[in-house]
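Quick notes on the structure that follows.
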Number of protein chains: 4
Amino acid sequence: MESGNSFYELFPDAKNFSQTKMDIFKSAIQLFAKSGYSNTSTNQIAKTAGISEALIFRYFKNKKGILQAIIDPIANNILPDVLREFSREILHRQTANLNQFLNLVVNNRIKFFKANFPVIKIYISEILYDDSIRKQVLNAVPRDVYQDFNDEINYLKQNNAIIQWDNNQIFRFIFSNIFGYLVSHYVVFPNQEWNEKVEVSNLIDFLARGLDPVK
Amino acid sequence: MESGNSFYELFPDAKNFSQTKMDIFKSAIQLFAKSGYSNTSTNQIAKTAGISEALIFRYFKNKKGILQAIIDPIANNILPDVLREFSREILHRQTANLNQFLNLVVNNRIKFFKANFPVIKIYISEILYDDSIRKQVLNAVPRDVYQDFNDEINYLKQNNAIIQWDNNQIFRFIFSNIFGYLVSHYVVFPNQEWNEKVEVSNLIDFLARGLDPVK
Amino acid sequence: MESGNSFYELFPDAKNFSQTKMDIFKSAIQLFAKSGYSNTSTNQIAKTAGISEALIFRYFKNKKGILQAIIDPIANNILPDVLREFSREILHRQTANLNQFLNLVVNNRIKFFKANFPVIKIYISEILYDDSIRKQVLNAVPRDVYQDFNDEINYLKQNNAIIQWDNNQIFRFIFSNIFGYLVSHYVVFPNQEWNEKVEVSNLIDFLARGLDPVK
Amino acid sequence: MESGNSFYELFPDAKNFSQTKMDIFKSAIQLFAKSGYSNTSTNQIAKTAGISEALIFRYFKNKKGILQAIIDPIANNILPDVLREFSREILHRQTANLNQFLNLVVNNRIKFFKANFPVIKIYISEILYDDSIRKQVLNAVPRDVYQDFNDEINYLKQNNAIIQWDNNQIFRFIFSNIFGYLVSHYVVFPNQEWNEKVEVSNLIDFLARGLDPVK
DNA sequence: TATGAATGAGCCTTCATTCAT
DNA sequence: AATGAATGAAGGCTCATTCAT
């Protein structure tokens, strides 16, 4: 997977944005990520975008409308795409090598996360308090993707390449460790230096050992 | 330390709170956890507590003062306690049994988290955007506790009871998995049922295997 | 005149004040003088007096009531008394010596002003904005005193001891210079040192020469 | 300097004020002068100006900001100008005629005061209680002007045209009498008629005689 | 398209005052 | 006599949003 470095991959609709709308959009992302949605005023967005405050409301219905323009694509397009790709990668390779599988997944996700950190940060904070957004996440996992993922894990299990635990939990272990790695480095200690190569390698090693079927 | 169910363990100062102050305090926790600090008005807090808005400011200096009364104890008391306990448990037992150690820590933390979920949720969301609160976390780890913790990991290493990785990263693995377990169950999928016993047992197993020194 | 050093001379009613009422009263004077009536809260008064805020309203009807208790005596008793004394001093002495007259008046007023500076400052600021207080001042000059004063100036005129100007204006010259001397030293430049003896002597000299009938 | 009747002479910055900002500004002056700064609410200002309360804060940073827009020009421009004029008048004329000098200064100041009475009233009341404003007055006298003024008085002294008193005190005598004249007529007895020509003439005469070097 | 002007609603906070004890 | 608890009213100020141009 050529992971999410491109802005338009993340926001396909944004291709049709005028320059001005784009300025507003990007300013909002930047400010929401820095201070949070509630702590960002339309006035600040306008100033950062270099346009008048009133203009915001020509391009977006609401202040909330900007937030949704940021968040909706993730739940509706990006997340399903990512997951679809996630399973396709594995399926295509038909590999039963756990280590290789984890290597792929982890690095992929980390790249994606790093490339889209601001938007993800906005997403996280909104998930905490907005029920409707939380529901979007659940619905964002398409049924077929879910099936694919299960198939793959099952395939690994059949090949005795992964531990015989509940598939959901396996997924959560993988996800938690990737997410924990990222959050601790990018959110909690953003100013601290670290040796990424070693840590990621250890992370994969750790997962591989934890999920290894052999006692 | 018999961790986490009691309200007064979390907020030792609250023992001296009058009924009214407690009403305000609990209403604030409830509302902040539900909607976030910024989206909660002092007017709402007053109504929920069943008192007049003005009264809030007799018991707390500021709206921000309420938030701090919620957050400070965690950074100043709870977090140091947890970490101290974390290392003491090992010291007292003089054991280098990784599995036993993890069992203790994990279960303890989960109980604590479940009991204090609302407050922790508030904490998480503020950490995202408030630098000063983020700094509090860093300073919340007392130097001696940090030393103790390192000594213990080193002790485990000497006894070949844990993998030879950077101590900080080892801590992050443990923390990430506990935290990931909790967040996925309590924050992301709060309405979904699951077999806690099995999952926690697996979680410990997973950690133990991942941190096992034997390849 | 044994000028206004005594508190009870200024506030005869205060003799009947209980200790607590007196504490409130004095605290109010002190705070009103320092920050102004509007910028002083009943809370501050209570704290300064070392009593509870509620108690203020047992001893005074209102916050405004405290101000009136401070201001009324001046207009109703003190000012008339002072003026009465003012003329009596001169009349009794039956002097036609301008210099001696001024000496007496100036020093008297300065002593009075210095002794009662806080109250006078409150008075000044209220006179600026409160019509009813301004009216009190006008009515504070009793008709007979006014007559006495005029008689004396006339007497000085007959003896060719003072210039032949309108009596009111002569009074204003005297008053302005005394007042100007005090305000500049005590209100505008309260932290600056000065040689009082010389300045007062010059002030009298200045007035004497300005009002001297001889060209 | 053709002193004092024009609004824009007093507030040069006001030339750039929009109609609305001017409405707010003038309403504030009117209300502050009538009731004092503390007793005037932004709500009242808005109503008097015929605009919404929120609009005030688009044109002025603060409520305090309005006060400063009223007060600052006096300390920063008017006062230095007046003092500069004060000394320049004498310099240019190369005269040591005290009477002529006083005539000029007094009349000029009186015109100025009358034209700008409300603003001056605001100024007076704030000087009583606001330390920072009091300090502004001190700093409002530029060093060179202060030097010029002293030079001039010294020049008059050398020509034996003025009495040999401390320069500061001489200034205070002049200022006190002008100020006293104005306050008594405009503040204390605003409704009383008087013969201005005669009184001002006497005022100058009085000063001239009081400061005359000849005993 | 773009803006400056304007506002209603709401927010946090203070304050004088009342009441039960 | 004295207080702590409590509040209604108002104050300054911010903010998202509308409107005329």
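Order of the sequence lines fixes the chain letters, A, B, ..., with proteins taken first and strands second; residue numbering starts at 1 for each chain. The structure displayed is predicted, hence computed values, not measured ones. Computed from heavy atoms alone, side chains included, the values below leave out hydrogens, waters and symmetry copies.
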Quiz item: Can you list, by residue number, the residues of residues 24-43 of chain B that have a non-hydrogen atom closer than 4.0 angstrom to DNA chain F?
Solution: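 Within residues 24-43 of chain B, no residue comes under 4.0 Å of DNA chain F.
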Quiz item: Rounded to the nearest 0.5 Å, how far apart are CD of D:Gln30 and OG of D:Ser35?
Solution: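 So the CD of D:Gln30 and the OG of D:Ser35 are separated by 9.5 Å.
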Quiz item: Could you state the interatomic distance from OG (B:Ser41) to NZ (B:Lys47), rounded to the nearest 0.5 Å?
Solution: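 It comes to 7.5 Å.
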In this structure, how many angstroms lie between the [atom2] atom of [N] and the [atom1] atom of [X], rounded?
X       : N      : atom1 : atom2 : answer
B:Lys63 : E:dG10 : NZ    : C1'   : 12 Å
B:Ile45 : E:dC11 : CD1   : P     : 11 Å
B:Gln19 : E:dA20 : CD    : P     : 20 Å
C:Met22 : F:dA1  : CE    : P     : 17 Å
C:Phe57 : E:dA16 : CZ    : C1'   : 5 Å
C:Lys61 : E:dA16 : NZ    : P     : 16 Å
A:Leu67 : F:dA16 : CG    : P     : 13 Å
C:Asp23 : F:dT3  : CG    : C1'   : 16 Å

Which pair of non-hydrogen atoms, one from [X] and one from [Y], has the smallest distance, and what is that distance?
X        : Y        : value
D:Ser132 : D:Asp130 : OG-OD1, 2.6 Å
A:Ile29  : A:Ile70  : CG1-CD1, 3.6 Å
D:Pro73  : D:Leu10  : CB-O, 3.5 Å
C:Thr40  : C:Lys63  : O-NZ, 2.8 Å
B:Lys121 : B:Ala33  : NZ-O, 2.9 Å
B:Tyr37  : B:Glu126 : CB-OE2, 3.3 Å

Quiz item: How would DNA chain E look in dot-bracket form, 5' to 3', counting Watson-Crick and G-U wobble pairs with both distances under 3.5 Å and writing | for bases paired to another strand?
Solution: .||||||||||||||||||||
Quiz item: Out of D:Phe11, D:Phe32, D:Tyr8, which one pairs with D:Phe25 under the ring pair (Phe, Tyr, Trp, His ring centres under 6.0 Å) rule?
Solution: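 Looking at D:Phe11, D:Phe32, D:Tyr8, the match for D:Phe25 under the ring pair (Phe, Tyr, Trp, His ring centres under 6.0 Å) is D:Phe11.
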Under 3.5 Å, which protein N or O atoms sit close to an N or O of nucleotides 4-8 of chain F? Give each pair with its distance.
unit_1: F:dA6; atom_1: OP1; unit_2: B:Thr20; atom_2: OG1; d: 3.0
unit_1: F:dA6; atom_1: OP2; unit_2: B:Thr20; atom_2: OG1; d: 3.1
unit_1: F:dA6; atom_1: OP2; unit_2: B:Tyr59; atom_2: OH; d: 2.9
unit_1: F:dT7; atom_1: OP2; unit_2: B:Ser52; atom_2: N; d: 2.8
unit_1: F:dT7; atom_1: OP2; unit_2: B:Ser52; atom_2: OG; d: 3.1

Exercise. Take B:Ile56 and B:Ile51, measure what side chain to side chain contact (heavy atoms under 4.5 Å, CB included) needs, and give me the verdict at the end.
Key: CA-CA 8 Å; B:Ile56 292 176; B:Ile51 48 97; 4.0 Å; yes
Quiz item: Within less than 4.0 Å of OP1 or OP2 of E:dA16, is there a side-chain N or O belonging to C:Asn62?
Solution: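 For C:Asn62, the contact criterion (side-chain N or O under 4.0 Å from OP1 or OP2 of E:dA16) is not met.
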Practice problem: Any chance you could lay out the side chain to side chain contact (heavy atoms under 4.5 Å, CB included) test for A:Ile124 and B:Ile124, step after step, and finish with the verdict? | Solution: CA-CA 10 Å; A:Ile124 293 172; B:Ile124 294 172; 5.7 Å; no
